[in-house]
Trainee: 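Okay, here's the structure, questions in a sec.
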2 protein chains.
Amino acid sequence: MNKTGQRLKSTDLIEVLRELGIKTSAQRVAILRYLIDNDSHPSADMIYQDLAPSTPGLSKTTVYNSLKLFAARGLVSELTIDGREQRYDLADPTHGHFRCTTCGNVFDIPVHPEPRFQKFVPSGYQADSYHLYVTGTCPDCVRKKSS
Amino acid sequence: MNKTGQRLKSTDLIEVLRELGIKTSAQRVAILRYLIDNDSHPSADMIYQDLAPSTPGLSKTTVYNSLKLFAARGLVSELTIDGREQRYDLADPTHGHFRCTTCGNVFDIPVHPEPRFQKFVPSGYQADSYHLYVTGTCPDCVRKKSS
DNA sequence: ATTCTTGCAAATCATTTGCACTTTA
DNA sequence: TAAAGTGCAAATGATTTGCAAGAAT
C-alpha cells in the first residue's frame with residue numbers, strides 16, 4: 001500500500017519506464033509498482049518473495065536484472081546501508097536514512113536542501129549525489145527500552 | 001605508510017587495544033597497524049592479502065574476527081559504501097566519504113561539526129552516528145575526462 | 001525477423017561457522 | 001591453567017553468469 005492508498009494504473013507505470021528508455025515487461029512493471037507501494041527499502045529477495053505468489057514464473061534473476069537496470073537509469077537508488085545485502089529505494093534525493101540498530105528497520109528522514117552539503121566537498125571533486133545516513137534507536141525501540 | 005611517515009611502536013598499539021578491553025595478539029596488532037598506516041578504506045580481503053606475506057599463518061578468519069571486534073569496541077567503523085563488500089576505516093566521526101564512480105576510490109571528506117546534522121533527525125529518534133556519503137567524480141578522473 | 005528479456009541452474013565471492021589447537025593473561 | 005584467540009575447511013547466502021526459450025517492437 002502506498003502513501004495515498006491508490007493503486008496506480010499500469011499504463012502510468014509503463015509510461016514512467018518508457019520515458020527513461022526502459023523497455024517494458026510485466027515483471028518490470030510489477031517490480032516498479034512494488035517499489036512505489038512499499039516504503040520498506042527492500043532487498044532483491046524481499047521483492048522476489050512478496051511478488052512471486054502473485055507473479056507466476058517470476059525469477060529472482062529478473063528481479064536483480066530489473067533493479068540493476070532501474071538503478072542505472074536513475075529510477076532507484078541502491079542503499080548500501082547494511083553490510084550484508086543491497087537494499088533498494090525509489091530515487092529521491094530529498095531524504096536520507098536512519099537505521100535503528102535495535103530493530104534493524106530503516107526509516108526515511110527528510111533532508112530537503114541538499115545543496116547545503118556541497119560545502120563539505122573539497123574543491124576539485126565533482127559531486128553527483130549526497131546521502132546522509134544516521135544510525136541510532138527509533139522511537140518504538142526507545143520506548144521499549146525505557147519501560 | 002601513515003600520514004606522519006613514522007612507524008608506530010607496537011607497545012603503543014598494544015596500549016590502545018588494552019584501553020579498549022581488547023586482548024592483544026600479534027595478529028590484532030598487525031591489523032590495527034595496517035588500519036593506522038593506510039587511508040585506503042580496505043576490505044577484509046585487502047587487509048589479508050597485504051598482511052599475509054609478512055604475517056606468517058595469518059588467516060582470513062582472524063582478519064574478520066578482529067575487524068568485527070574492533071568495530072564492536074568502536075575502534076573502527078564499518079563502511080557500507082559499496083554494495084558488494086564491507087570496508088573498514090579507523091573510527092573518526094569528523095569525516096564523511098566521497099566515492100568516485102569512475103575509478104572506484106574512496107576519499108575522506110572533512111565534516112567537522114557533526115551536531116549540525118542533528119536537525120535532520122525527526123524528534124523521537126535517538127541518533128548515535130551520522131555519516132555523509134557523497135558520490136561523484138574525483139579530481140584525477142575529472143582531469144582525465146576533460147583531456 | 002531481430003533484438004532484448006526471462007528463468008533456470010551452476011558458478012562466484014564475501015562472510016560465517018564448527019572445531020581442534022595454540023596463545024594470552 | 002583457565003579463558004580467549006586462531007586457523008583450517010566446510011557451510012551459507014547474496015549476487016552473477018551462461019545459455020536456451022520466450023516476448024516485444
Side-chain angles (χ1 to χ4, degrees), chain A residues 10-11 13-32 34 41-73 75-76 78-88 104, chain B residues 10-11 13-32 34 41-73 75-76 78-88 104:
Chain A
S10 291
T11 52
L13 299 179
I14 288 174
E15 196 181 337
V16 167
L17 295 177
R18 287 240 167 84
E19 280 173 5
L20 291 166
I22 299 174
K23 283 201 178 183
T24 59
S25 74
Q27 293 90 329
R28 290 179 179 175
V29 170
I31 292 167
L32 173 57
Y34 183 91
H41 312 87
S43 65
D45 189 61
M46 292 171 192
I47 296 174
Y48 173 74
Q49 297 299 339
D50 287 355
L51 246 34
S54 56
T55 315
L58 179 68
S59 78
K60 211 179 275 192
T61 303
T62 296
V63 175
Y64 278 107
N65 286 342
S66 303
L67 289 171
K68 201 166 56 175
L69 177 62
F70 290 177
R73 288 293 195 289
L75 222 200
V76 309
E78 306 182 297
L79 307 181
T80 48
I81 247 175
D82 213 326
R84 186 68 79 267
E85 62 186 359
Q86 187 86 265
R87 301 294 207 92
Y88 296 87
Chain B
S10 290
T11 52
L13 299 178
I14 288 174
E15 194 181 336
V16 168
L17 294 176
R18 287 239 167 85
E19 280 173 6
L20 290 166
I22 298 174
K23 282 202 177 181
T24 60
S25 74
Q27 294 90 330
R28 290 180 178 174
V29 169
I31 293 168
L32 173 57
Y34 183 91
H41 311 89
S43 65
D45 189 62
M46 293 172 192
I47 297 174
Y48 173 74
Q49 297 299 340
D50 288 355
L51 246 34
S54 56
T55 315
L58 177 67
S59 77
K60 210 178 276 192
T61 303
T62 296
V63 175
Y64 278 107
N65 286 343
S66 302
L67 290 171
K68 201 165 56 175
L69 176 63
F70 290 177
R73 287 293 195 289
L75 221 201
V76 309
E78 306 181 299
L79 306 182
T80 49
I81 248 176
D82 212 326
R84 184 68 79 269
E85 60 187 1
Q86 189 84 264
R87 302 292 209 91
Y88 296 86

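For clarity, every value in this text was computed on a predicted model and none was experimentally measured.
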Trainee: Between C:dT5 atom C1' and A:I14 atom CD1, what is the distance in whole Å?
Mentor: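 The distance from CD1 of A:I14 to C1' of C:dT5 comes to 15 Å, rounded to the nearest Å.
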Trainee: About how many Å separate OH of A:Y88 and NE2 of A:H41, when rounded to the nearest 0.5 Å?
Mentor: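 Those atoms lie 14.0 Å apart.
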Trainee: Compare the minimum distances between each of D:dT17, C:dT15, D:dT15 and the side chain of A:T61, then state the nucleotide with the smallest one.
Mentor: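 Closest nucleotide among those given: D:dT17.
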Trainee: Using whole Å, report how far CD1 of B:I22 lies from C1' of C:dA25.
Mentor: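 Interatomic distance, CD1 of B:I22 to C1' of C:dA25: 16 Å.
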Trainee: If you find the nucleotide of DNA chain C closest to B:K68 and the one closest to A:Q27, which residue's nucleotide is nearer the 5' end?
Mentor: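 Checking each residue's closest nucleotide, the 5'-ward one belongs to A:Q27.
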Trainee: Determine yes or no for a side-chain-to-main-chain donor-acceptor pair under 3.5 angstrom, with A:S54 supplying the side chain and A:L51 the backbone.
Mentor: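 At least one qualifying donor-acceptor pair exists.
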Trainee: How many Å lie between CD1 on A:I31 and P on C:dT5, as a whole number?
Mentor: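 These atoms are roughly 13 Å apart.
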Trainee: Side-chain N or O of B:R18 versus OP1/OP2 of C:dA25: is the shortest distance under 4.0 Å?
Mentor: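 Yes, such a contact exists.
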Trainee: With distance as the sole criterion, do the side chain of A:S25 and the base of C:dC4 form a donor-acceptor contact below 3.5 Å?
Mentor: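 No pair found.
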Trainee: With a cut-off of less than 4.0 Å, is there a side-chain N or O of B:Y64 near OP1 or OP2 of C:dT15?
Mentor: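 For C:dT15, OP1 or OP2 has a side-chain N or O of B:Y64 closer than 4.0 Å.
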Trainee: Could you tell me whether B:T24 contacts a base, only the sugar-phosphate backbone, or nothing, with contacts defined as non-hydrogen atoms closer than 4.0 Å?
Mentor: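 The answer is sugar-phosphate, as B:T24 gets under 4.0 Å only of primed atoms, P, OP1 or OP2.
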Trainee: Take atom CG of B:D45 and atom C1' of C:dT15, then tell me their distance rounded to the nearest Å.
Mentor: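 Between C1' of C:dT15 and CG of B:D45: 11 Å.
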Trainee: Nearest nucleotide by nearest heavy atom, which residue falls closer to the 5' end of DNA chain C, B:K23 or B:R87?
Mentor: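 The residue mapped nearer the 5' terminus is B:R87.
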Trainee: To the nearest 0.5 Å, what is the distance between CG on A:N65 and CG on A:L69?
Mentor: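 Taking CG in A:N65 and CG in A:L69, the distance rounds to 8.5 Å.
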Trainee: How long is the span from the CG atom in A:D45 to the OH atom in A:Y64, to the nearest 0.5 Å?
Mentor: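 With rounding to 0.5 Å, CG (A:D45) is 6.5 Å from OH (A:Y64).
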Trainee: Looking at D:dG7, I'd like to know if its phosphate oxygens (OP1 or OP2) sit under 4.0 Å from a side-chain N or O belonging to B:S59.
Mentor: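 Yes, such a contact exists.
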